[in-house]
**Student:** 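Pasting a structure below so you can have a look.
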Amino acid sequence: MSKSLTLNKIALRNITRRYARSLFLGGLVALLAFVLTGGSLLVSSLRSGTESMAARLGADALIVPAGYERSAEGALLRGEPSSFYLEPDLAERLSQVEGIAQVSPQLFIASMNSEHCDAIVQFIGFDPDTDFVVKPWLSQLLSGGLPKGQIVIGSRIDGKPGQELNFFGRKYTVAAKLEETGMGFDTSVFTDLETSRIALADYISFGGENAPPDADGVASVLTVNIRQGYDSNQFSRNVNYGFRKEGVGVVFPKTMISNVSGNLASLIGVTVALMVLLWVLAAGVLTVLFSVTVNERKREFGVYRALGAPQRYLSRLILTESLAVSAAGAVIGTALITLVYFLFSDLIGLSIDAPYLRPAGGVTALVITGGFALSLVIGPLAAAYSAGKIGRIATYAIMREGE
Amino acid sequence: MADIGKNRAIVGAAAVLGGALVAFGPYSLFRICGGASHHTMADGAVMEGMAHSAETGASMICKYSAAAELGIGIVIALLGIAYLLFSNPYAHLGLSFGIGLSSVLALLVITVLIGVDPKPMTCATTTQPAIILISTLLTAFTLVNVVYLTRKIKINVKVAHA
């Protein structure tokens, strides 16, 4: 029983017979798919992280000890462990500064500091009575509020509600687990101020770095909402000049967000430009390669023409070959970057110097599909020119053969 | 014959490299917590359920996983060396099965059978994803090779019968 030699079979045999060339073309498309999809996933994760951060940093200003402005930003953005404190009477006096509409203390404790294992857990204590930053989005998880002595953990900390976790030698029950936020909150533990002061006392007894002498009344930052219509620069001056002897600093989360957004916009611009450049370069290289290949295969195409194959058949053959090679490369490149993206998501989030959040499933699927499609079409597009003139080349080859 | 030679070199080298990464990666490139490490003040901030070695503060779960991966990785690398030495396609087929199944075992050890420490420990964010990636690629690669070898053997048998 004989099997018919269809166009697809001829294309497949041509690909496998010239496997070195096919491997190179497929590899190029795979690299393109890897970079295009990876770049797009990175950009959408950074954008998603910045949006999440803007939604969660609800205070107009943060008052911190002088010199710890960057630490406060690091703790919020990247979950960098920070332990810094305002003395109790200073926190009390700062609460009276002119221009304040709402004020609430927060306590930061860096819970882990290991030489080789960079597992970072930031303990954040907030005052349930005065807080206006954490409570609004925490209430979505705990309608009845956070029970005293219990904790809410970030998405990158293993644990589930009801489980007991041990911090500084004391057990705390997990009341809820946050959704991923893409910022420092993912490696943070939230609890009420009273409980966090118990943890701070334990931290002091463990000889923690930069620990205050006493846990009573201390706070790390004061989250502030500035009075409606009050100039934020004037508020900053009130704090800086009024407490220049004690040394305090003011951080404006909105400035922080706009700085991050500005950096992100530049990064997105560069990434998109690089991706376009790479796509054009790859298309150029593939066009040249297909053109050279078609020239090399003049005799072969001449034989097809001599056997009665119409010009359109030869064009379809070259397009089918290019599509098959492109498809294989695009599948491998996209699959590999998808695997890397999902497996190393936590590591990228922890190491990157910006809010990083995996976008919603639909957006991720769309980005991956887009990267795949852009890589898939490059082969047939690059081969289109050669496919168009293949009939003429073949005829010419037959004529030369006859001379 | 040339095809078999190239296949031997590519698959054998991939298995040796993959096996070496599975075996020694957790101690070098994507290091687990522990080994020479020691926790400083933070020993009190260890999560419930994590077993820690008294001398080093290193996690026992990660150490067990890394030790198991060391053994499995060495087996994969040795199978890769055997693949380089033999030229019989039937032997290659058997060795491919061995490499593939060992890779699946490497994957299961780090995810299900032993596992790793809770996030955000380095073991969970770096070592585990790296081993999953390598073992998945190795499994997929050997699967493709098994299909290739099976077809090759069938063609050879047909030619011999003809």
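Only a predicted model underlies this, so the values are computations on that prediction, with no experimental measurement involved.
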**Student:** Heavy atoms, side chains only, cut-off 4.5 Å: are B:Leu137 and A:Leu336 in contact?
**Tutor:** yes

**Student:** Return yes when atom OH of B:Tyr27 has more than 12 non-hydrogen atoms of other residues, nucleotides or ligands closer than 6.0 Å, and no otherwise.
**Tutor:** yes

**Student:** Decide if atom CZ of A:Arg17 counts as having more than 12 heavy atoms of other residues, nucleotides or ligands within a radius under 6.0 Å.
**Tutor:** yes

**Student:** Within this structure, what is the CZ-OG1 distance for the pair A:Phe344 and B:Thr126, rounded to the nearest 0.5 Å?
**Tutor:** 7.5 Å

**Student:** Please report the closest heavy-atom contact between B:Thr125 and A:Leu347, naming both atoms and the distance.
**Tutor:** O-CB, 3.4 Å

**Student:** Heavy-atom count around A:Tyr68 OH within 6.0 Å, excluding the residue itself: above 12?
**Tutor:** no

**Student:** Is it the side chain or the backbone of B:Ala130 that comes within 4.5 Å of chain A heavy atoms, both, or neither?
**Tutor:** both

